[in-house]
Structures are given as structure tokens and as C-alpha cells.
Student: 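Let me give you the structure first, and then I'll get to my questions.
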Amino acid sequence: MLIKDITVLNSNMEPLEHRNVVVKDGRFDSIGVDVVEKDPEMVIDGKNKLLMPGFYNTHCHVPMTLTRGLGEGLSLNDWLTKKMFPFEGNMTEEDCYYGALLGAMELMAGGCVSISDMYFHVQDIARALYDAGMKANICHGLSSSDPHERPESLKGWRNTVSLLNEYRDKKDGRIRIDMGLHAEYTSTDNLVQAVAAFAKEQGLTVHTHISETKKEHEECKLRHGGLTPVQYFYERGMFENPVLAAHCVWLEERDKEIMRERKATVSHCISSNLKLGSGVAPISSYLDEGIRVVVATDGAASNNNLNVMEEIHLASLAAKGAFLDPTLLPPQTVLEMATVNGAEAQGREDCGVIETGKKADFIILDLDKPHLIPKHDILANVVYSAQASDIYMTVIDGRVVYKEGEFLTIDRERVQYEADRRVKRICSQMQGM
Ligand SMILES: [Zn+2]
């Protein structure tokens, strides 16, 4: 593939104009003013376009696309117990497969190349995202309320083990498996310790939810002699592993020390935190303390879309507004959070930047739009002015998965039909309960 005369965001997030880019065998083969490719399979005219890294969405529950807009306006408790849990209780493996494909289309059209997902029926989610051509770190969000339950006997545990057997050595490495622990308030000591030990033995990242709401954070301290969720997990050995922690709205000083020392990652889900009234995580202070922070959409139930461009826009605005400082989270910072830092948090060192030799995960934005003129500051235009609909094309490992409104790996009409049909069935089953 040859992309001609395009502006490229390099690894320092500097826009370099009039570059030619050659992509070969899934990687950036060469980038420069004069580079050419003989007989390319595809030529893209890059005039008035920007080539930049794709987005790495580090916390999602992708089949929850099927619950988008369900039970809006209820209290958190009614929403969960009367709508979400009964709906999820009726979701089959195939429902999750189609929910994941529906999400994959939205993600790819929004420039997302990879997600870290936590849900159930994980085999089917992995299959959907693999079929879609995406990258994904998959985990089952393990939970348990019985202190005597053997963690290894949980269905989600057994599914994690079989996913490891199925995907660990798959050659292209697009699907990675993480260990998933839903949260402190949905687990037992026994489960937390078993997750920590298994992740260590297998060399896995632990993906979990931490301190999303003040209530959860304070109740954990009451349950565990003053220990916050981070401190409790630390005492149980979980931070012996790389930890990907969604939310982290309410971290305390000692929590921040642990996160920094143990090189853990905060996955910032600003839309979800605002919509559920959870608060605004002080991300800037986490970054100042040397904690890695990345960006995520969370699931479509609490967002209600899977649009990473909206997340970086809101993350930047929310930080400035909530902490009364317009210099916080500038465009370059949020773009790095959503690209190279996200890739690293997923254990993907070979992508996330536009550089010769790296895996070719990238998007092309069409800059020939009224709202993207003039070009005083391209990064500011991308973060504050651009829309996901400005994305011309999304490429994962050198393969075009989305271009000009068309999905090249997914039958859009079929998936939308299946999603609709399945949601109708689940809702009628809920009424019968
Ligand atoms: Zn979540």
C-alpha cells in the first residue's frame, strides 16, 4: 500500500507534511518525502489528509452495545437490578458474538484498532473481534460471593484457561488474554489471591475495576480495616502483576504510590464517570506522579457510544473544568494516552506510533472539512474540533478494515439485523421473568 503526499503525525506527535508512506507485510516499510513503492496493490491520495496512530481503547464491555439506552434515567440500583442483570442473564454466546461485532463496527469507524474487553462468553467475543480484524485483550470479569468456592471451578476461570490455550501462540498476536477480576466488591479473598497467583504463574496482566465510586471506595475501607481497593489488592499480591485498573476516580496518596511503584495503569473512562455521576478522576495529578494513564470508553450501557475521539475531547475538557486550569491535559497528552500508552498498557510494544518497522495500525483523517480549517494547530483540531465521522479509513496490521463508510471485514446489514432480532428476543424473555 502506498499513501502519497500525506501529513504524518510522527512519534513525537509532530505533523510532517508531504510524506509518502509505504505499508508492507503489516508494517510501516518506509516513510519519507521521496519514498515510493513499485506496483502497489493500493494507492491512497493523501492530499488534505492526516495519517496518525489508531486508538487503543483500554476498558470496554463490547457486547453491551445490545444494552445501549436500556433503562435510562433510573437510579443506579434499579437500572442494574431491573434492567441490566436480567438482560445479561438472557444473553447467549451468539448474542455476545453479534453484540461484539456491532461494537467492532462502531469502534473501527471511530478509529479504534484495539480494545481491552471484560465480559462473559469470552470465547465468542474473541472470535468476533478476531473475525473483525481487530486487536483485543480479552478477559472474563471473574466474581464470587462464596468464600468457600474454588476459583478454578468458576466457568469464567475455565474459559480463561481455554482461551489461553486457543490464542496464546496464534501467530499474528492480535488476540491477547488477560486475567479479569471484576472488582473488590464482587470478589472474595480467596478469588483475589487465586487471580493474583495465576496471573503471576502465567505472566498475565490483571484487568479490573478500581475505586469507580466513592461509595465502593469507602465501603471497601470498612470491610478491610481501612484498606482502599488498591491497598487491599496490593496486600493480596495482585500488584505482583501488571494491573490495568479502570476508573480510579478516588485514589488516595498511598494508592498513587502503589500504582506508580508497581507500574500499574489507570484506564480513564470520563464519559462513563460523568454519566453515572461517579466523579472526575484527577488524571493530571496521576500523570504528574508518574502513573501511566490511558483512555477508554467503558461499555455502551454507561456511555452510550464507543467513540474514543469523544473520550479524549471530554477528558481534556473535564480536567480543565473540574480543576480550574486550562493548561491541564493538552492535546498531545490525551493523544498519547489514547495511542502509544494504550498500546503499551495492552502489552503491545510493536505498535501505537507511526514509525518504520512498527505494525501498521493507523487512521487517516479527512482534513478537508469546514470545521478543520484553518490549521494553526493540527493536534488541537484533532482533539477539539474533529469528529469520528472525519475518519476516512482505519487500518489494523496493514489491513484496511474500514474505508469511507464501508466495513471490509463485517457484513453490516446482517449484523445490524441480528442485533435487533436478538435484542427483541431478550426483552421478551425479560418480560416473562
Ligand atoms: Zn467497566
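Quick note: numbers below take in every heavy atom, side chains included, and nothing from hydrogens, waters or symmetry partners. Counting from 1, the numbers follow the sequence of the chain as shown. Whatever order the structure lists them in is the order used to number ligands and atoms, beginning at 1.
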Student: Go through the side-chain N and O atoms of Ser272 and Ser302 and say whether any donor and acceptor fall under 3.5 Å apart.
Tutor: yes

Student: Determine which of the N, O or S atoms in His61 is closest to the Zn ion (ligand 1) and give its atom name.
Tutor: NE2

Student: Please calculate the NE2(His59)-the Zn ion (ligand 1)-NE2(His209) angle and round it to 10 degrees.
Tutor: 90°

Student: Checking Lys49 against Tyr392: charged group under 6.0 Å from the ring centre and within 45 degrees of the axis?
Tutor: yes

Student: Which atom, among the N/O/S set of Asp298, is closest to the Zn ion (ligand 1)?
Tutor: OD1

Student: Does Asn381 use its side chain to pair, donor to acceptor, with the backbone of Leu372 at less than 3.5 Å?
Tutor: yes

Student: What about the rings of His217 and His247, do their centers lie closer together than 6.0 Å?
Tutor: no

